[in-house]
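Structure first, then comments.
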Amino acid sequence: MKRSPSLPGWVRVVGLFLCWTRTVQALVLINSTQLESMLNQYRDKDDKWWKARSRGRRAISEGDMHLILDLHNKLRGQVHPPASNMEHMVWDYDLERSAEHWAHTCRWEHGPSHMLTQIGQNLGAHWGRDRPPTFHVQAWYDEVRYYSYPYSQECNPHCPFRCSGPVCTHYTQLVWATSNRIGCAINVCYNMNVWGMIWAKAVYLVCNYSPPGNWWGHAPYKYGSPCSACPDSYAGGCRNNLCYKEGGVEQRPAPEIEESNYIEPEQEPVRDREPPPRAQTPNPSANDNPDRTPVVSTEQMSQQVDCETKLRDRCKGTTCNRYECPPGCLDRPAKVVGTAYYDMQSSVCGAGLHSGVIDNDGGWLDVTRLGRKQQFTKSYKNGIQSIGKNRSANSFKVDSVPVKAVTCDTTVALFCPFKKPVRHCPRLYCPRNCLHSSQVRVIGTKNYSDKSSICRAAIHAGVILNESGGYLDVMPVDRRQQYTGSHQNGISSESLMNPTGGKAFRVFAVI
């Protein structure tokens, strides 16, 4: 599978589609009764999972549902060459439910496997700037630039698949004439593996289609005057170049639940935030230990701030030195005082932009307090005009957040021991499967001895999953008088009373 072209800057947007070829001999037409039976079995199988979700929430808002559906129908009605049998799409809540189930697995692949012969599926994901779901729909359609429609005279006996670019099967599924039902879901996935890259906070869109398209040897639609070859079931109905049936709005009543859009959760203080959705799999792994104590930690060292947030308005201490700025702060410039070092009344994100540590796509930065400075110099840098000040005030500087990969055996004592004055540790990335691949001890609970494995302590604390690894923040702290052991997430940590020498550390989630 080839990677879609990357966008410039911090944003990365990708699309993926099921690209196997379906042979003509394997072509099976699924009628509505068969599909309904299959979806009912799927729904019954996953009722426990469905009911276990937070009550009153859907994986896609009513507004986004209509945007996705309306754009699909608009694009289907404007294909070139024109289609004679393109059917109007309707929303299907069973397809939405199956899409939601898969979106919550946070797996960058098509699935579940038992449904892939019964549905078509388009996937999209992005991180960085907020994007509406229609951004991915339009990107799928724009693959038309790589696709050459096979006219009937070329189809002897089967139509060739003409794709001149990296991929165009998102497009062909979107405009497959007989795919007249769609259901989509959106989920925010943390530490999602996308083609070998770990995205700390990925927005994942899954759209399921029925009946499925992309049958090998067939064109996506018939060429001709719009609506001139509609199936008899449409009784001659036509709207906006699409075969249309009056009353064809949806396949079943919408669930009576509160709408919620997971594209970008509303900003709120970290301490009050509900635990974010974690990667789920439909069936537990055989290696999972049902007796372990499940622990999931969402406590962060990095604080999310607004473009206008001043450093003086934030808390003091070692957990208040790493910040996450949102995108778009260059368009909403806030007060910045100084150059290189900044007055405490300065915007944290504004100082980050002015210094060049972050750009308009936002990102993380580290803050170091410098004490009092006698004056602050004005300057224009990176699109931000700072102001000067000729009286003394407390100051700070900003730096980029380095990221380092560590092994399962790495300890804080070797990598980033506690020192005074307190310094920043890089953001760390742990590999997968440290649960059993390391013999380094884990000492303590919440506060760990710096002789402990960082990655195994992070699994024990519930900050990362053994199966996926991921990013974490480490905060070295002075030694503790004692460390209390516990059994969590498959790891038994040790207790230690009155340790001689050595320091301690805490691990924090990156979400």
Side-chain angles (χ1 to χ4, degrees), residues 104-109 111 113 189-200 275-299 301 403-417 425-476 480 482-496 499 502-511:
H104 274 260
T105 69
C106 293
R107 292 163 61 185
W108 186 239
E109 60 188 69
S113 58
C189 294
Y190 300 91
N191 294 335
M192 183 174 174
N193 189 325
V194 181
W195 281 316
M197 297 179 294
I198 304 299
W199 290 4
R278 281 281 185 163
Q280 302 177 21
T281 52
N283 299 305
S285 167
N287 296 325
D288 285 353
N289 181 359
D291 297 324
R292 72 182 182 183
T293 304
V295 173
V296 175
S297 173
T298 58
E299 186 177 7
M301 188 174 81
V403 178
K404 299 289 185 181
V406 295
T407 68
C408 299
D409 295 336
T410 303
T411 66
V412 169
L414 295 173
F415 186 80
C416 188
C425 286
R427 174 156 289 169
L428 304 182
Y429 179 76
C430 287
R432 65 181 67 186
N433 297 326
C434 285
L435 184 64
H436 304 296
S437 64
S438 172
Q439 300 302 315
V440 179
R441 303 156 66 190
V442 176
I443 304 169
T445 300
K446 189 171 184 180
N447 287 286
Y448 298 93
S449 164
D450 66 354
K451 295 179 176 61
S452 303
S453 159
I454 297 173
C455 297
R456 284 168 55 79
I459 296 171
H460 181 267
V463 166
I464 61 173
L465 298 176
N466 175 61
E467 295 79 9
S468 58
Y471 292 99
L472 57 96
D473 282 327
V474 172
M475 185 180 75
R480 294 296 185 261
Q482 66 178 33
Y483 298 94
T484 304
S486 63
H487 182 78
Q488 298 180 163
N489 300 325
I491 292 179
S492 293
S493 67
E494 303 174 33
S495 296
L496 184 61
K503 310 296 182 181
F505 70 96
R506 294 182 61 191
V507 288
F508 294 88
V510 173
I511 58 178

> Are Thr407 and Thr410 close enough that a side-chain donor and a side-chain acceptor fall under 3.5 Å?
Replying inline: yes
So which heavy atom on [X] is nearest to which on [Y], and how close?
| X | Y | value |
| --- | --- | --- |
| Ser449 | Tyr483 | N-CE2, 3.4 Å |
| Val406 | Pro431 | O-CD, 3.2 Å |
| Trp108 | Asn193 | CB-O, 3.4 Å |
| Val295 | Gln488 | CG2-CD, 3.7 Å |
| Gly490 | His487 | C-CE1, 3.9 Å |
| Phe508 | Met475 | CE1-CB, 3.7 Å |

Could you grab the distance from atom [atom1] of [X] to atom [atom2] of [Y], nearest 0.5 Å is fine?
| X | Y | atom1 | atom2 | result |
| --- | --- | --- | --- | --- |
| Ile459 | Ile491 | CD1 | CD1 | 4.5 Å |
| Thr298 | Tyr190 | OG1 | OH | 9.5 Å |
| Asn191 | Ile464 | CG | CD1 | 8.5 Å |

>> Test of understanding: with salt bridge (Lys or Arg N to Asp or Glu O under 4.0 Å), list the residues that count as partners of Arg480, not counting sequence neighbours.
In response: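 Expected list: none.
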Holding to side chain to side chain donor-acceptor pair (under 3.5 Å), I want the full list of residues that pass it with [X], two or more places apart in sequence or in another chain.
| X | answer |
| --- | --- |
| Thr484 | none |
| Thr445 | Ser486 |
| Ser468 | none |
| Ser493 | His460 |

>> Suppose we screen for ring pair (Phe, Tyr, Trp, His ring centres under 6.0 Å). Which residues come up paired with Phe505, at least two apart in sequence or across chains?
In response: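 Result, ring pair (Phe, Tyr, Trp, His ring centres under 6.0 Å) vs Phe505: Tyr448.
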> Within the distance-only criterion (no hydrogens, no angle test), does the side chain of Ser452 pair as donor or acceptor with the backbone N or O of Ile443 below 3.5 angstrom?
Replying inline: yes
> Where the side chain of Arg456 meets the backbone of Leu435, is there a donor-acceptor pair that is under 3.5 Å apart?
Replying inline: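 It does hold such a pair.
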>> Applying side-chain contact (heavy atoms from CB on, under 4.5 Å), can you list everything that pairs with Cys416, at least two apart in sequence or on another chain?
In response: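 Partners of Cys416 under the side-chain contact (heavy atoms from CB on, under 4.5 Å) test: Arg423, Cys425, Pro476.
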> side-chain contact (heavy atoms from CB on, under 4.5 Å) with Tyr429: which residues, sequence neighbours excluded?
Replying inline: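 Here the qualifying residues are Ile198, Tyr471.
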> If you look only at pairs with a residue in residues 435-454, which of them pass as a salt bridge (charged side-chain N to carboxylate O under 4.0 Å, His left out), with sequence neighbours excluded?
Replying inline: Arg441-Glu494
> Could you give all pairs that pass the salt bridge (charged side-chain N to carboxylate O under 4.0 Å, His left out) test and reach residues 403-413, with sequence neighbours left out?
Replying inline: none
> Shorter than 2.5 angstrom, is that how the SG atoms of Cys408 and Cys455 come out?
Replying inline: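 Disulfide absent: SG-SG distance not under 2.5 Å.
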